Amino acid sequence: MNDYSENTLIQRCKAGDKDAFRILVEHYKKPAYSFAFSYVRCADDALAVSQDAFVRAWNAIGTFLEGRKFGPWLFSIVKNLSINHIEKKKSLREISLDNAMEESGFDLPSPGDDPHTELERKELSRLVWRAIMSLKDEHREILVLKHMQDMSYHEIGETLGIPEGTVMSRLYYARLELKQKLDPAMLRS
Amino acid sequence: MMLEDHNINLMRYIDNEMDKQERAEFEKHLAACESCRNLMQEMSVVKEVTDSMKLAELPEAVWDTYWTSIYNRIERSVAWFIFIIGAAIVSLYSLYKAVTDPGLYTFIGFGAMLMIVGFAILFLSVLREKIAVNKVDRYISEVKR
């Protein structure tokens, strides 16, 4: 979606055009869901949070400043709703990293080999998942957008509202932190 | 070239964000720099491992109903707003009539009184919740930017 068409859509949204808003929703729904998932760690919760973010974005579209990018604005809403969701959920029960993976979060890589290999892969995935989820927020979110949404540096920059140079350096430090958290022997294997 | 530049170029290299010429130049550097070569190998493994972690694809039916759910919530919030405004007008008018027309005092006045008390409780409840949410909700400042 180019800047012109997005600005046009936002102007239409401001005039109350829900069809225009639907186009924005269709374009951003999967990234918004993934982004929410990186915080709330549960598919159902991530869906609810991302939908809530769109509803809030619609309600506040009148305050959206012309010339800004919709993506970073939406993602800031998703991020803050996710943080609020986690705070509320923490009062009910602690979020378990292990349970989170079982709560339909991730596909395990290349299943189908012999049981021993598959078990090793599951264990590897569990360790990687735990390491990713224990990263600093800004490192985790950039890895999610890069690896789970296959976004380019340009797209990540637009989404997070940061320059491409910052994307590159943040990605470097995110991977460095992840490398340090992962077992060196595991990386060698 | 600073070390920081090499690190950034390393990211661009393994993420295929370089053009042909930049790639060729960086490969020359890699051939001559052992520490960058080692770091590239480690980072490539980290990238490979991270690439293997994909969010599970949700059923298409979930995405098919995604917009409908948002639309319904938007529509309902508008409907509730209109309903509450309408009910508030009716309540206030009924109260006014009850006060100014003693003949209607018994039924409409009593009903209006109940509605107003109900609205007042609802209003205070929502207000209290909003205040509590605002204390922790950083989203509010974001949408106002």
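Please read these numbers as outputs of a predicted model, since none were measured by experiment. In the text below, chain A, chain B and the rest are named by the order of the sequence lines, each starting its count at 1.
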Sort [X] into side chain, backbone, both or neither according to what part of it lies under 4.5 angstrom from a heavy atom of chain B.
X       : result
A/Ile61 : neither
A/Ser38 : neither
A/Lys30 : both

Kindly indicate, with the supporting measurements, whether the criterion side chain to side chain contact (heavy atoms under 4.5 Å, CB included) is fulfilled by A/Glu164 and B/Arg12.
CA-CA 11 Å; A/Glu164 276 186 52; B/Arg12 296 177 63 219; over 6 Å; no
Ranking B/Thr50, B/Leu39, B/Val78 by heavy-atom pairs under 4.5 Å to chain A gives rank one to B/Thr50
What residue in B/Asn16, B/Asp51, B/Leu10 has the most heavy-atom pairs under 4.5 Å with chain A?
B/Asp51
Look only at the side chain of B/Ser77 and the backbone of B/Ile74, and say whether a donor-acceptor pair between them is shorter than 3.5 Å.
yes
Side chains of A/Lys29 and A/Ser50, heavy atoms from C-beta outward: is any pair under 4.5 Å?
no
Thinking salt bridges, do A/Glu177 and A/Lys136 make one under a 4.0 Å N-O criterion?
no
From the list A/Phe35, A/Tyr33, A/Phe54, ring pair (Phe, Tyr, Trp, His ring centres under 6.0 Å) with A/Phe75 holds only for A/Phe35
Name the region of B/Val62, side chain, backbone, both or neither, that has any atom closer than 4.5 Å to a heavy atom of chain A.
side chain
